[in-house]
Structure formats: C-alpha cells, structure tokens
Amino acid sequence: MHNDLQQLKLVNGWLLHQVSARYPCGVRTYTMVEYNDPIIGPVHTTESISIFDSFFDNLTVRGGGDCPEMVVTGLQMALEKSPYNSFILVLTDASAKDYNDENLIKNVYSLINTTQSKIFFLITGVCAGRTDPKYLIYRDIASKSFGHVFEVRLSKLNKVNKTHANYENVIYLKPDPSLVIYREEYRVNVSCIYPLTMNVSLGTVLHPIMSIKTFSITGFGNFEVKMAAFLDQGYQAPIKKGEAQISTKDRLFVGVFISKGDKEQFNLVMLQCYATPTNNPLDKVSYGIIVNSCPNREDGTIRILENGISTQGKFYFQVFKFVGDYTYVYLHCQVHLCRGSCLPVSTV
C-alpha cells in the first residue's frame, strides 16, 4: 500500500476538487476513517478542505502480512460518522477480509438506506482475483448505493491534476529496412498537456459570439470556449452581431460552450459569470450573476439551466442597466473543464 498511498497523495488535491465541484454550495463536512487489520480508526472530521488535505498527507502505512484488510468494517464506521447523503470514497489495494460477516454486511446495507450515501471504491489491487467473494462484495455494496467500483493502475493515478490533463503515448520507430541487422530500438515518449481552467469573455456587448479567449501551451495544445446570447429559452435564435437594444423587462439567455478540444472526456463548469459597464473584464464596477457556480442569491431573476453536466453551460437573467453614465452591458465568465459530471444542475 505504500506505493499506492504515495501516488494517491499526488492526486489528493484533484480528488478534493472533484468533490467540491460536485457539491458547490453550502457547508461541506469532510470525514476520514483510517482502517487496518484489526485496528479501525481514528476518525477525522472537519469542515476545512485544507485541514482535511493535511489529514491525507499525514497518512502512514503500518503493519501488513496477509493481503485482505478490514475494509467493510472501516466503511461501516464511515457511514456512522458521515452526514446524510454523503459521497464516500473507499481507497484500498486489497480485498475485504470481513466480506462474510453477515451481521456487518446487513448493518452496512441498512446504513446505506438510512443515510442515502453513495459508495465509490478506488481499487489499485486485489488479493485473489476478480471472481473472489472478497472482491465481489465491493460491487454489491456499490450497486446497492448507486455508486461504482473503479480499478486504477498505479501508473495512471497522476495523469490528471487540478489544473492540467496529460495525454501520453509511445511512438515506436521501425529499423531501416535496408539494413541487415540493428542493435538499438528507438521509442519516443510523447505527451500533450492541456490546461483545465480558462477565462472567456463576451468581449463586445451582446454579440452572438462576442469573443474567444484561448489559453495555449506552446507546442502542446489548447481548448477553445465561446459565449453567445439569445432571446429564446430554446437557444435557437442568437442575437445578431452588433449592439442589441433589449428592454429591461426581457430575459437574456446566455450559452457558454466548448467549441474546440476534447469534448468526449471533459464537461464545462461555469465558476463565475458577471457583467461590467465596459469591455474590461477587470473593471472595478461589476455585477455578479453566477458566484461560485451558484446564482447570485440577491437577484431572483437569475436561473442556471445547465452547468457541469455537458460541454455547455446555460443561464438566463432579466436585463438590467448599470447606475450612472453607462450605456452598455458586457458579460464575462470564468469556466473550468473537468472529467465526468462536475456539478448538479442548479435552479435556485
């Protein structure tokens, strides 16, 4: 488990970011349960992501001997100590030693029904194969909680972090066919790094595609994100290019979407969206529309229609005008790309 733990520490920040993205609003409680054989615990609980991060970094490996561990007993304690509707991630490199404890299994299933928690297993190794009951108990528990079992090789754990995705491949160069013999084989390791966080601005007032903000890594690759404005909820009729005169009684529908890049693996999350009276995104005068991926609570006209579940984000608000000698309204968004479903759709 030592090697597994070292690589898990490398991606711990990314794991915490994914949990935070899944539950963006309200107070989050982080609970960690250590388990060994036969000792279970201690339990660490905090509402601070940085303190929880330090819990993880201070984990150590001790003991050992037989391969199976008391995984189900540790999970039971996690269910008992975690809040209702929790997301529980079980990290292990071994099968479950306590898989055949009927009372324990019944209690775990009862706690899952009571707490409505979802259990996900991240497994980097098994003891006796994938048909062994000690391993199959993970699938049973994940199925009953609408969770999942992920099997990950050590070498794949550090390919994605909070800020970048790293695609890797190997090119094999064949020997010169004109030669009779050769003594060296050439292999070229190729990697392409993509940033996951970008800023995109609606550069000119209410154009259908007002500006493109592209973040590039020279010699590697880039994603491209665009923004467009519409007057219908079906997002079928974009506002024509130019200055659009819109009544403050109207709703403005806005779409932000990935236009270039890996659309198969990444979804788009709108982190911050705001308006300024000039085309400067850093203007001191601004009005928040989406704050920390949630609608501005002080403005009841704002609704998020889609966020974090696909390659596009959608929201709308009632048109407004800035107080003072201002004529235009410019829109800007900071977005983040992540794997899988990153945020629930927020409608409040």
Query raised in the report: Checking Thr248 side chain against Val319 main chain: does a donor-acceptor pair fall under 3.5 Å?
Result: no

Report summary line: Hits for side-chain contact (heavy atoms from CB on, under 4.5 Å) against Asp250, two or more places apart or cross-chain, chain-then-number order -> Ile246, Ser247

Query raised in the report: Who are the side-chain contact (heavy atoms from CB on, under 4.5 Å) partners of Lys321, not counting sequence neighbours?
Result: none

Report summary line: Taken in chain and number order and not counting sequence neighbours, the residues that satisfy side-chain contact (heavy atoms from CB on, under 4.5 Å) with Ile51 are Thr46, Ser48, Ser54, Phe55

**Report entry** By side-chain contact (heavy atoms from CB on, under 4.5 Å) - contacts of Asp101 (at least two apart)
**Finding:** Asn103, Leu104

**Report entry** Which residues share a side chain to side chain donor-acceptor pair (under 3.5 Å) with Gln318, sequence neighbours left out
**Finding:** none

Query raised in the report: What residues, two or more places apart in sequence or in another chain, satisfy side chain to side chain donor-acceptor pair (under 3.5 Å) together with Thr276?
Result: His332

Query raised in the report: In chain order, what residues pass the ring pair (Phe, Tyr, Trp, His ring centres under 6.0 Å) check against Tyr135, with sequence neighbours excluded?
Result: none

**Report entry** With sequence neighbours excluded, residues passing side chain to side chain donor-acceptor pair (under 3.5 Å) with Tyr287
**Finding:** Asp299

Report task. Applying side chain to side chain donor-acceptor pair (under 3.5 Å), name anything that partners Ser143, two or more places apart in sequence or on another chain. Result -> none

Query raised in the report: Parallel under 30°, tilted from 30 to 60°, perpendicular over 60°: which one fits the rings of Phe322 and Tyr326?
Result: perpendicular

Report task. Assign the ring pair Phe253 / Tyr316 to parallel, tilted or perpendicular, where the plane angle (0 to 90°) is split at 30° and 60°. Result -> tilted

